[in-house]
Amino acid sequence: MKTTDIAVIGAGPAGLSCAVEAAKAGAKVTVLDENLKPGGQLFKQIHKFFGSREHRAGTRGFRIGRQLLEETERLGVEVLLDAAVYGIYEDRLIAFITNGKDHTLKAEKIVMATGASENALAFPGCTLPGVMGAGAAQTMINVNRVLPGQKIVMVGSGNVGLIVSYQLMQAGAGVVALIEAAPKIGGYGVHASKIRRAGVPIYISTTIKEVVGKEKVEEVITVELDEKWQQVKGTEKQFNADTVCLAVGLSPLTELAWMAGCEFTFIPALGGHVPIHDRNMETTLKGIYVAGDITGVEEASSAMEEGRLAGVACAESLGYYDEKQALELKNQIWGRLDALRTGPFGEGRFTAKLKQINARRQLA
Amino acid sequence: MNEEYICRCEEVTRKEIQEAIDDGATTLAGVKRRTRAGMGLCQGRTCQRLVTQMLAKVEDPAEIKPPTSRPPVRAIKIGEIAEEEDE
Amino acid sequence: MTQKSGVIYQGFPSEEELSKIPGVPSKDRIQKGPVACIECVQEIPCNPCEEACPYGAITVGKPITNLPTLDEDKCIGCGTCIAACPGLAIFLLNVSGKKAEVSFPFEYYPLPNKGDEVDCVDREGSAVVKGKVLRIIKSPKYDATAVITVEVPAEYINIVRSIKRLGRSE
Amino acid sequence: MKKNADAVVAGGGVIGTSIAYYLSKKGMEIILLEKDDLASGSSGACDIDIILQSKNPGIHLQLAMESAKMYKTLADELDFDIEYKATGGMILIENEDQLKVMKDFVRRQKEIGLEVKLLSLKEASKIQPGLSPHLVGATYSLLDAHVNPMRLCFAFSRAAKRLGAKVYLGTSVLDIRAENSKVKSVITNRGEIKTNIIINAAGVYAPFIGEMVGLSLPIKPRRGQIIVTESVPKLVMADVLCAKYIAAKYNPNILKESDNPETRLGVGLSLSQTRDGQILIGSTREFVGYNKNTTHEALHAIVNNAVRLVPALRNIHAIRSFAGLRPYTPDGLPLLGPVENVQGFIMAAGHEGDGIALSPVTGKIISDLITEGKTFMDVSELSPSRFGPLLGNENAV
């Protein structure tokens with residue numbers, strides 16, 4: 001059985017940031033990821049990130065991914081790819097498959113940075129080829145360099161829907177419409193403005209009624225919704241399309257945390273049931289930490305900060321930092337996290353995260 | 001309208017899930033036992049949210065928790081966890 | 001359904017929203033020479049524009065969600081901020097007589113050529129007027145964001161914000 | 001909630017729902033109480049087999065044979081698809097020692113009238129391809145079958161409801177009131193129900209119901225872990241057990257001290273394929289209280305045992321595992337019938353791993369006993385009092 005100081009599950013922005021921070025302090029870190037390539041969603045992010053200089057704002061996501069990988073390599077972090085964690089058992093024993101063989105890893109600390117998965121939407125025709133998650137479409141264009149289609153209807157106006165619409169056009173596709181069930185656009189106005197300038201109509205209070213096609217998507221029929229989210233007859237619109245991309249939210253990927261026995265709290269603003277954690281990202285189970293979207297869906301910059309926080313906290317807890325050093329670092333990170341959670345888009349998450357941490361205090 | 005698949009792996013329709021809820025299922029596990037929704041290859045990763053939305057009409061969403069999570073959370077080939085074959 | 005105006009309903013800022021934010025230069029300033037126009041109407045956590053400006057003409061400060069404020073006296077219209085904005089929300093306006101120049105960020109291929117006559121579009125993507133491409137700046141510092149300058153009739157200075165994507169048969 | 005009933009059934013598993021159905025069929029007004037949901041306990045966390053040949057010749061096998069007869073027409077009777085299928089079943093034999101035991105087992109089963117035979121490996125492989133070449137043979141019975149236990153619960157429950165029974169889910173039995181050693185009412189979290197009869201069909205939780213009337217029941221949970229595979233084309237032709245399973249089942253003591261994890265965990269193969277194509281691979285037999293976790297050690301032990309016997313399983317993906325608690329009794333037989341000292345308190349629990357196989361016959365026996373005072377076969381051997389006085393609890397009434 002392998003042993004390590006800190007096992008990080010997930011080599012996305014949160015996991016890699018965590019690994020870098022803990023390794024900087026001198027800890028032995030092993031990162032496991034089920035994919036063949038590290039970086040999680042970062043290598044699909046070809047747009048420039050928001051935030052401040054400390055958040056590497058203005059840098060394209062994939063470049064941030066490259067920087068993180070270089071750092072993990074320089075610091076001697078072990079990154080195991082194609083390593084699918086399938087179970088967490090008592091005493092922080094991780095079971096995973098890599099190279100077609102079963103392995104176990106025993107860690108002093110486990111950081112779960114498993115991210116989130118795309119929500120589905122069910123409507124007549126939703127199983128037709130050509131209906132896919134927006135994230136899946138983004139992987140096709142930005143990683144595999146394959147266009148999912150030429151005439152795309154995007155469902156959902158959160159940042160994912162807006163950004164992927166933009167990137168689909170950059171990749172050469174046309175976006176015939178973006179529809180949003182809510183009575184307003186959910187993502188950043190600047191992202192919406194980009195695609196409006198490119199001629200994409202955005203229809204709010206509108207949903208998919210039906211997707212029609214013999215063997216693949218041929219036509220999308222939308223319908224308007226009233227204040228009670230009921231379909232309004234006679235408001236149908238018809239779009240000639242070959243692809244429907246669903247960007248209807250993300251849900252934290254929490255199975256491993258449930259399996260380990262972490263306690264959860266229900267916070268709709270963060271995507272539903274999320275593991276309770278303290279200010280150091282430690283869950284209700286000693287030695288088990290969480291970071292990134294698994295703790296509640298936010299965005300890559302917050303995920304990286306949470307990862308760093310977990311990394312510092314684990315390193316401190318293992319004695320690689322003294323309390324003073326750790327506090328200094330954590331204060332900086334908390335400050336940057338707070339900055340990301342301000343303004344009309346961030347306040348809700350700030351309150352939600354506070355609730356999540358308070359749930360931990362109430363249990364303690 | 002009610003014939004669309006909610007659980008694709010096990011081909012369970014919206015109508016069948018609604019029937020399970022009408023039959024007294026109040027949890028994801030209850031729907032799963034009655035319809036097989038979430039029992040397939042993806043283990044509910046796609047349909048769990050959709051079933052939750054349907055259950056939320058009769059239940060407090062805070063109380064709708066995922067069915068017990070047990071290893072393996074990813075499909076693993078039995079040959080990969082079994083002892084090597086005798087040569 | 002009547003369409004409400006405003007960025008959260010239509011996806012682009014309304015005249016009213018633009019008139020209230022501190023990043024848009026005054027009409028007087030626009031007449032005096034090239035100047036940045038920061039169409040950033042929502043308080044999002046973002047400040048690369050502040051750092052990008054070599055003249056200290058853009059301030060976000062703390063909290064980071066403050067709307068960027070343009071000091072129109074300090075702005076010399078260099079355009080460095082255009083490609084620095086991750087939201088592609090900064091434009092450069094320059095009017096002289098009956099002609100106006102509008103510079104904007106552009107991230108689609110193919111790029112136009114200098115001298116081309118192109119369809120210029122408004123914030124909704126509608127082609128409103130033909131314009132002439134005066135400049136295309138591709139700097140490594142801009143990290144693949146091209147900055148294009150088109151010449152349009154002066155009355156379009158507050159209307160034209162981009163060009164139609166090229167190489168597409170609609 | 002209804003406030004009175006002719007009889008109250010505690011437990012919404014295959015036993016409780018079956019009893020509720022057969023009693024309703026006899027015209028009684030029944031209330032079934034289930035603390036969680038139908039099939040949310042052992043009945044939803046078990047394999048799907050209805051195996052006759054694994055039963056010890058004697059009353060156990062007789063019950064199973066009677067149940068098997070009932071199963072043939074049950075889906076029609078309940079008007080619900082319970083995914084019943086008579087697939088036949090085989091018990092794989094790995095060595096000469098096991099062969100000796102199984103020969104004797106088969107001989108005694110035949111004496112009772114069970115159609116079962118011994119097959120050579122070659123014969124067995126014709127029925128079930130993919131068997132390991134090291135096997136020495138198998139027993140085979142055409143009468144073995146399987147069913148979907150969860151659908152069975154729903155089928156019984158729906159049929160009972162059609163006959164007027166009330167089924168209250170999320171309703172726990174908190175206490176039982178008795179006067180002069182006679183059951184008078186059942187207290188639940190949703191109120192009190194007046195009744196003269198309570199049937200304890202709470203499986204592994206039956207001891208808690210027993211305690212309410214001062215009984216100390218010899219039932220304890222025995223954990224069985226099972227692995228589920230992806231759906232694959234028909235691969236398991238018959239329900240398959242291994243002879244070691246028989247040993248694990250009837251001789252728990254010989255397993256305890258072993259160094260071999262497979263033996264220590266009481267691993268015996270049970271292999272069956274559901275209608276949807278998923279293969280269930282079982283199982284362990286462990287005493288770990290009410291702990292329903294699955295373990296890494298068991299995952300390996302179950303898989304190793306299975307691929308040794310059926311190497312073809314290697315290329316299939318496992319997609320989940322689960323553990324269920326079997327209501328174990330010291331003699332491997334259920335507690336069926338009234339208890340001494342508390343009139344109106346009827347036991348119907350302790351079927352260990354045979355609850356699915358014995359569900360219909362249990363319902364029939366209990367309903368007969370309650371309505372007629374006797375049943376079609378002598379079940380005095382299964383009387384709860386066979387373990388001596390069950391009293392000795394401070395709640396004694």
Side-chain angles (χ1 to χ4, degrees), chain A residues 9 34 82-89 93-104 114 116-128 131 133 208-211 229 231 246 248-268 271-274, chain B residues 1-18 27-29 31 35 37-38 40-57 59-85:
Chain A
I9 305 173
E34 63 182 330
D82 191 18
V85 173
Y86 68 81
I88 290 189
Y89 296 92
L93 180 77
I94 296 171
F96 65 100
I97 303 277
T98 191
N99 290 326
K101 288 218 174 77
D102 192 19
H103 295 270
T104 50
T114 46
S117 64
E118 294 197 270
N119 292 343
L121 193 66
F123 45 80
C126 64
T127 48
L128 277 174
V131 179
I208 285 198
K209 186 179 182 192
E210 192 179 1
V211 171
W229 303 84
Q231 299 189 358
L246 303 175
V248 291
L250 300 166
S251 296
L253 264 175
T254 53
E255 301 128 307
L256 287 173
W258 284 103
M259 183 185 290
C262 300
E263 290 193 53
F264 279 69
T265 182
F266 181 72
I267 304 178
H273 283 99
V274 284
Chain B
M1 177 65 206
N2 287 327
E3 293 306 321
E4 67 259 26
Y5 289 128
I6 297 291
C7 170
R8 297 172 180 209
C9 302
E10 295 292 320
E11 300 190 345
V12 185
T13 62
R14 186 186 292 278
K15 183 163 164 267
E16 289 168 305
I17 288 167
Q18 193 54 51
T27 61
L28 287 162
V31 171
T35 65
L41 192 60
C42 91
Q43 289 290 288
R45 262 183 291 282
T46 306
C47 65
Q48 192 166 293
R49 275 262 144 178
L50 298 168
V51 178
T52 301
Q53 283 164 15
M54 292 179 71
L55 276 168
K57 288 179 186 149
E59 279 297 307
D60 174 5
E63 294 307 315
I64 306 172
K65 292 174 185 167
T68 312
S69 178
R70 299 272 186 235
V73 293
R74 288 288 178 273
I76 51 175
K77 213 174 180 181
I78 286 176
E80 292 173 341
I81 46 173
E83 278 167 359
E84 299 280 314
E85 264 166 300

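To find a chain, count down the sequence lines: A is the first, B the second, and so on, and within it residues start at 1.
With a 4.5 Å cut-off on non-hydrogen atoms, A:Ile267 does not touch chain B at all. When heavy atoms are compared at a cutoff of 4.5 Å, B:Ile81 approaches chain A by way of both its backbone and its side chain. If you measure heavy-atom distances from B:Arg70 to chain A, the contacts under 4.5 Å come from the backbone alone. When heavy atoms are compared at a cutoff of 4.5 Å, A:Glu34 approaches chain B solely by way of its side chain, counted from C-beta outward.
Judged by distance alone, with hydrogens and angles left aside, the side-chain atoms of A:His273 form a donor-acceptor pair with the main-chain N or O of B:Ala62 at under 3.5 Å. Not a single donor-acceptor pair under 3.5 Å links the side chain of B:Thr35 to the backbone N or O of B:Ile17.
Looking only at heavy-atom pairs under 4.5 Å with chain A, the residue among B:Thr46, B:Leu50, B:Ile6 that has the most is B:Leu50. Each of A:Pro268, A:Ala120, A:Gly87 has some count of heavy-atom pairs under 4.5 Å with chain B, and the biggest count is that of A:Ala120. Across B:Pro61, B:Ala75, B:Cys47, B:Gly79, the residue that shares the most heavy-atom pairs under 4.5 angstrom with chain A is B:Pro61.
Residues B:Cys7 and B:Glu10 come closest through the heavy atom pair SG-N, 3.4 Å.
Around CG of B:Asp60, the count of heavy atoms belonging to other residues, nucleotides or ligands within 6.0 Å exceeds 12.
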Name every donor-acceptor pair, under 3.5 Å, that has one atom in a side chain of residues 258-266 of chain A and the other anywhere in the protein, sequence neighbours excluded.
| unit_1 | atom_1 | unit_2 | atom_2 | d |
| --- | --- | --- | --- | --- |
| A:Trp258 | NE1 | A:Thr254 | OG1 | 3.2 |

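Evaluation of the side chain to side chain contact (heavy atoms under 4.5 Å, CB included) rule for A:Asn119 yields A:Val248, A:Ser251, B:Arg49 as partners, not counting sequence neighbours.
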